[in-house]
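The figures that follow rest on heavy atoms only: side chains count, while hydrogens, waters and symmetry mates do not. Values in this document were obtained by computation on a predicted structure and should not be read as measured data. Chain letters run A, B, ... following the sequence lines, proteins first, then strands; residues in each count from 1.
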2 protein chains.
Amino acid sequence: MESQDLRKAGLKVTLPRVKILEILESGKTRHFSAEDVYKQLLEAGEEIGLATVYRVLTQFETAGLVTRHHFDTGHSVFEMNLGNHHDHIVCVRCGRVDEFIDETIEKLQHEISEKAGYKMTDHCLYIYGVCQDCQKSE
Amino acid sequence: MESQDLRKAGLKVTLPRVKILEILESGKTRHFSAEDVYKQLLEAGEEIGLATVYRVLTQFETAGLVTRHHFDTGHSVFEMNLGNHHDHIVCVRCGRVDEFIDETIEKLQHEISEKAGYKMTDHCLYIYGVCQDCQKSE
DNA sequence: AATAAGAATGAGAAGCTTTTTCATTTATAT
DNA sequence: ATATAAATGAAAAAGCTTCTCATTCTTATT
Ligand SMILES: [Mn+2]
Ligand SMILES: [Mn+2]
Ligand SMILES: [Zn+2]
Ligand SMILES: [Zn+2]
């Protein structure tokens, strides 16, 4: 139930927030730009402004409900935060996004931070490449 | 000699390109936004337009002279390409940037790409954290 | 050294993503 | 039901980057 998630996050239960949460949880894909979300709202006949989409996504991020990524596409990408940290491999041809996690890399990152004298707050690893499908249709 | 580098890259030797190359090579810092470069040009009394700075930096990137990074600051950051791939650790407080390379991580990235069926073209690892200085002045 | 041809530049306009403003609407507590 | 504060939509504006186009400069050729 989306309303519970919102209340738990300290956010009032409003139609835009519920609808956006539904889309993010819909599961067709996991990674959305603000524009992606906005388009899906339009398709669903919801009259929710783009400014609200940006506002709500940022609030969700602050509340820890979603994670924001900076793929090198020029815009932010959001996904539900399921508590499972992972990294991304992005197809530079078709935009497909796959996820992975490597414990060895995770551990090494901590060591590197310490060695450099940093207190690590976050990290992200992006691998860019050409996915299997795009290699075929070359 | 900057003119040689430019000619080798197939670019005509123009004052903006020489001056920008000088700044990038100056060595005070290694990571510059377009705005950073533009400001240094102004300070040096050069009347070079911001549009030219962007144009030239992109040309340098295409020519392989510089590398472009997408820290999550909302703007591109450029540095001379010295042929030594490395990753970055960025202070979220003061913007300081340190560099590192970890061969184990590099190797693991290749393995991950293969496993996922991707032909890797590029990768970047950003660690965000609070640097030593910023931890003190808390 | 002068010339011609094409490339590069600067200024400003415009593009794109994102944020802000503000009048209006809505959620929530009473 | 009412009051209060928060949220929303529309439009404007901000911030970074690219584009347009008239002018200037580089380079190759006389
Ligand atoms: Mn993901
Ligand atoms: Mn670097
Ligand atoms: Zn692909
Ligand atoms: Zn710092």
For C/dT18, does OP1 or OP2 lie under 4.0 Å from any side-chain N or O of A/Thr58? no
Is it true that, when you exclude A/His85 itself, more than 12 heavy atoms of the residues, nucleotides or ligands shown sit nearer than 6.0 Å to its NE2? yes
Atom CG of A/Leu50 and atom C1' of C/dT18 are separated, to the nearest Å, by 8 Å
Under 4.0 Å from OP1 or OP2 of C/dT18: is there any side-chain N or O of A/Ser76 that close? yes
A/Lys19 atom NZ is separated from D/dT8 atom P, nearest whole Å, by 14 Å
Does B/Thr73 or B/Leu11 map to a spot on DNA chain D nearer the 5' end, using the closest nucleotide for each? B/Thr73
What's the closest nucleotide to the B/Lys12 side chain, out of D/dT8, C/dG6, C/dT9? C/dG6
Looking across every strand, which nucleic acid part, if any, lies under 4.0 Å from B/Ser33 by heavy atom: base, sugar-phosphate, or nothing? nothing
As a quick check of understanding, evaluate side chain to side chain contact (heavy atoms under 4.5 Å, CB included) for B/Thr67 and B/Glu61, giving each step before the final call. CA-CA 6 Å; B/Thr67 305; B/Glu61 183 192 18; over 6 Å; no
The single option from B/Phe78, B/Tyr126, B/Tyr128 passing ring pair (Phe, Tyr, Trp, His ring centres under 6.0 Å) against B/Phe71: B/Tyr126
Tell me the interatomic distance from A/Asp72, atom CG, to D/dC16, atom P, rounded to whole angstroms. 18 Å
Using a strict threshold of under 4.0 Å (side-chain N to carboxylate O), is an ion pair present between A/Glu79 and A/Arg68? no
What is the separation between atom CZ on A/Arg7 and atom P on D/dA7, rounded to the nearest whole Å? 14 Å
Short side-chain N/O contact from A/Tyr54 to OP1 or OP2 of C/dT19, under 4.0 Å: no
When the distance from CD of B/Glu61 to C1' of D/dT18 is rounded to whole Å, what number comes out? 14 Å
Check DNA chain C against residues 36-49 of chain B and give the residues with a non-hydrogen atom under 4.0 Å, in numerical order. B/Glu47, B/Ile48, B/Gly49
Classify the nucleic acid contact of B/Thr52 as base, sugar-phosphate or nothing, counting any heavy atom under 4.0 Å across all strands shown. base
Of the nucleotides D/dT8, C/dA8, D/dC19, which has the atom closest to the B/Arg17 side chain? C/dA8
Among D/dT8, C/dT18, C/dT9, which nucleotide has an atom closest to any side-chain atom of A/Val56? D/dT8
Salt-bridged, B/Asp98 to B/Arg96, with N to O below 4.0 Å? yes
Taking the side chain of A/Ala51 as its heavy atoms from C-beta onward, which of D/dT17, C/dT9, C/dT20 lies nearest to it? C/dT20
Quick check, are the ring centers of A/His75 and A/His70 under 6.0 angstrom apart? no
Among D/dT17, C/dT18, D/dT20, the one nearest any side-chain atom of A/His75 is C/dT18
note: A/Leu6, atom CG; C/dT28, atom C1'; distance rounded to Å ~ 14 Å
B/Leu24: which of B/Leu65, B/Thr29, B/Leu57 passes side chain to side chain contact (heavy atoms under 4.5 Å, CB included): B/Leu57
Please report the distance, rounded to the nearest Å, between CG in B/Leu57 and C1' in C/dT9. 15 Å
Side chains of A/Gln135 and A/Arg93: any donor to acceptor distance under 3.5 Å? no
Length of the CZ-C1' vector between A/Arg55 and C/dT25, whole Å: 12 Å
